[in-house]
J.: 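Pasting in a structure now, in structure tokens, and then I'll have a few things to ask.
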Amino acid sequence: MSRKVIVTCAVTGGGAGVLAKHPTIPKTPSQIAEAALEAAKAGAAIVHIHVREPETGAPSNRFELYEQVVKKLRDAATDVIINLTCGMDGTLTLDSLDPVSIGNATTLKSPRARCIQAIKLQPELATLDCGTMTFGESLYVARLSDLREMATLMREVGVKPELECFELGHIETAKILISEGKIDGPPLFQFCLSTGYGAPGVPIVMQAMREILPSGAIWGGFGCSVDEMPVVAQLVALGGHVRVGLEDNIYLRRGVLASNAQLVENAVGIIERMGASVATPAEAREMIGVVKRG
């Protein structure tokens, strides 16, 4: 039997810059849910959900928007694993270092506030970004104490963290959480590559990240922009799972805007041409150790 590969679709992302480039990026809860279901029908077992302000499309972390998306997905006839982001409201900007002055663009909130959608809506999965890092002039704050608290809150409500790692050191941080018993069952890792700030999506990086994973880990990853589909092929060859979607890349090919379903279809084609097959949601749940919620 061919190896089963889990496909995740990251439907809309949390970036503001994409709005001017892709006029039909999903913005409202209905549009996000509809795009997620189309991706599921195309072969995605997991949909990774951000939300946006419906009127403007601006990145948002409002609970009621997540609630609307999750309800629509759970009410639909199409089965799919729900993965809610908990990576928003973690940004710190500094207007000055002497004296230290926090900038108005700061969104940083408490660990509980950053994962309240996972606590209350209890999806199968929610993301946990495993390290503080720099995004240009902004800092994403993920202190070990923050990660411990968020992982504990997720564990208490039966939500499995997807451990997002943008470089090798993030895997080492995730291992601390695992050693402390904050993560139940086989840990689920996501390699976040070629974002422009972390590790690039090149074979040597993927091989190195795979080699330092803890025993029994389930892992996959994604590449951004032009690296999206080449990274799919490389991850499949290395034994990993894959993610595509408009959060990571908005083009089907040069100059042609994509839909989420089209990107999933491309990934499915690559997987199948490499001799593997695509996991159903039920198969993916069994592989990663979660049960259907809601």
J.: Can you list everything that forms a side chain to side chain donor-acceptor pair (under 3.5 Å) with S60? Sequence neighbours excluded, please.
T.: E53
J.: Taking E38 first and then K41, would you say they form a salt bridge - that is, a charged N and a carboxylate O separated by under 4.0 Å?
T.: no
J.: Would you check if E228 and L263 make a side-chain contact, meaning some heavy-atom pair closer than 4.5 Å?
T.: yes
J.: For T85 and G87, indicate whether the former's side chain and the latter's backbone hold a donor-acceptor pair under 3.5 Å.
T.: yes
J.: Could you tell me whether a side-chain N or O of H22 sits under 3.5 Å from a main-chain N or O of V18, the two making a donor and an acceptor?
T.: no
J.: Please examine the side chains of V256 and Y251, heavy atoms only from C-beta on, and report whether any two atoms are closer than 4.5 Å.
T.: no
J.: List the atom of A42, the atom of A261, and the distance in Å for their closest heavy-atom pair.
T.: CB-O, 3.7 Å
J.: Minimum heavy-atom separation for L19 and A58, please, with both atom names.
T.: CD1-N, 4.2 Å
J.: Apply side chain to side chain contact (heavy atoms under 4.5 Å, CB included) to R74 and list each qualifying residue two or more places apart in sequence or on a separate chain.
T.: V70, I82, R293
J.: V242 and side chain to side chain contact (heavy atoms under 4.5 Å, CB included): which single residue from V278, I270, L235 fits?
T.: L235
J.: Apply side-chain contact (heavy atoms from CB on, under 4.5 Å) to the pair L177 and L128, showing each step before the final yes or no.
T.: CA-CA 11 Å; L177 300 177; L128 190 62; 3.9 Å; yes
J.: Which distance, rounded to the nearest 0.5 Å, do you find between the CG of L73 and the OG1 of T78?
T.: 9.5 Å
J.: Of all the heavy-atom pairs spanning I32 and V51, show the shortest one and how long it is.
T.: CD1-CA, 4.0 Å
J.: Nearest 0.5 Å please: distance from the SG atom of C130 over to the CD1 atom of I171.
T.: 9.5 Å
J.: Would you say that V159 contacts L125 through its side chain, given a criterion of any heavy-atom pair below 4.5 Å between the two side chains?
T.: no
J.: From R148 CZ over to L144 CG, what is the distance, rounded to the nearest 0.5 angstrom?
T.: 3.5 Å
J.: Donor-acceptor pair, distance only, cut-off 3.5 Å: does the side chain of R52 make one with the backbone of G57?
T.: yes
J.: Quick one: do M133 and L168 end up in the same hydrophobic cluster if we chain Ile, Leu, Val, Met, Phe, Trp and Tyr together by side-chain heavy atoms under 4.5 Å apart?
T.: no
J.: Going hydrophobic residue to hydrophobic residue with side-chain gaps under 4.5 angstrom, can you get from V232 over to M274?
T.: yes
J.: Quick one: does S277's side chain get under 4.5 Å of E272's, heavy atoms only?
T.: no
J.: State plainly whether one hydrophobic cluster holds both M154 and V291, where clusters connect Ile, Leu, Val, Met, Phe, Trp and Tyr through side-chain heavy atoms under 4.5 angstrom apart.
T.: no
J.: If we count only N and O atoms by modelled type, under 3.5 Å, do the side chains of T93 and S138 hold a donor and an acceptor together?
T.: no
J.: Could you check whether D75 pairs with K72 (Lys NZ or Arg NE/NH1/NH2 to Asp/Glu carboxylate O, under 4.0 Å)?
T.: no
J.: Does atom CD of E64 have more than 12 heavy-atom neighbours, drawn from other residues, nucleotides or ligands, at distances under 6.0 Å?
T.: yes
J.: Within this structure, what is the OG1-CE distance for the pair T280 and M287, rounded to the nearest 0.5 Å?
T.: 9.5 Å
J.: Following the transitive rule for hydrophobic clusters with a side-chain heavy-atom cut-off under 4.5 Å over Ile, Leu, Val, Met, Phe, Trp and Tyr, establish whether F63 and V11 coincide in one cluster.
T.: yes
J.: Does the side chain of Y140 come within less than 4.5 Å of L92's, by heavy atoms?
T.: no
J.: If you compare all heavy atoms of H50 against all heavy atoms of T12, which two are closest, and at what distance to 0.1 Å?
T.: O-CG2, 3.6 Å
J.: Between V7 and I271, is any pair of side-chain heavy atoms under 4.5 Å apart?
T.: yes
J.: List, one per line, each side-chain donor-acceptor pair under 3.5 Å for residues 206-227, sequence neighbours excluded.
T.:
from: R210; atom 1: NH1; to: L238; atom 2: O; distance (Å): 3.0
from: D227; atom 1: OD2; to: S194; atom 2: OG; distance (Å): 3.4

J.: Using the side chain to side chain donor-acceptor pair (under 3.5 Å) criterion, which residues pair with D89? Sequence neighbours excluded.
T.: N61, K109
J.: Is it the case that atom CZ in R62 sees more than 12 heavy atoms from other parts of the structure closer than 6.0 Å?
T.: yes
J.: For K292, does the NZ atom have more than 12 heavy-atom neighbours from other residues, nucleotides or ligands under 6.0 Å away?
T.: yes
J.: State, to 0.1 Å, how close T91 and T106 come at their nearest heavy-atom pair, and which atoms those are.
T.: O-CG2, 3.3 Å
J.: For the pair K160 and E124, find out whether any cationic side-chain nitrogen is under 4.0 Å from an anionic carboxylate oxygen.
T.: no
J.: Could you walk me through whether R3 and V5 pass the side-chain contact (heavy atoms from CB on, under 4.5 Å) check?
T.: CA-CA 6 Å; R3 183 173 76 87; V5 177; 3.5 Å; yes
J.: Within the side chain of Q31, is there an N or O that forms a donor-acceptor pair under 3.5 Å with the backbone of T28?
T.: yes
J.: Throw together a table of side-chain donor-acceptor distances under 3.5 angstrom for residues 182-189, partners on residues two or more places apart or in other chains.
T.:
from: D184; atom 1: OD1; to: R155; atom 2: NE; distance (Å): 2.8
from: D184; atom 1: OD1; to: R155; atom 2: NH2; distance (Å): 3.4
from: D184; atom 1: OD2; to: R155; atom 2: NE; distance (Å): 3.3

J.: Considering non-hydrogen atoms only, spot the tightest contact between V236 and A276 and give its length.
T.: CG1-CB, 4.5 Å
J.: Which residue in the set E164, H241, E162 passes side chain to side chain donor-acceptor pair (under 3.5 Å) when paired with Q190?
T.: E162
J.: In this structure, would L139 and F135 fall into the same cluster of hydrophobic residues linked by side-chain contacts under 4.5 Å?
T.: no
J.: Could you pull out all residues at least two apart from N260 that satisfy side chain to side chain donor-acceptor pair (under 3.5 Å)?
T.: none
J.: In Å, rounded to the nearest 0.5 Å, how long is the span from CD of E156 to CD of Q122?
T.: 11.0 Å
J.: Counting only heavy atoms not in I102, do more than 12 fall under 6.0 Å of its CD1?
T.: no
J.: Less than 4.5 Å apart, side chain to side chain, heavy atoms only: is that true for N266 and V244?
T.: no
J.: So do L246 and N249 actually touch side chain to side chain, heavy atoms under 4.5 Å?
T.: no
J.: Given side-chain contact (heavy atoms from CB on, under 4.5 Å), test H48 with C9 step by step and report yes or no.
T.: CA-CA 6 Å; H48 173 57; C9 182; over 6 Å; no
J.: Roughly how far, to the nearest 0.5 Å, is the CG atom of L153 from the CZ atom of R114?
T.: 12.0 Å
J.: Step by step, would you call L121 with Y66 a side-chain contact (heavy atoms from CB on, under 4.5 Å)?
T.: CA-CA 8 Å; L121 299 175; Y66 289 107; 3.8 Å; yes
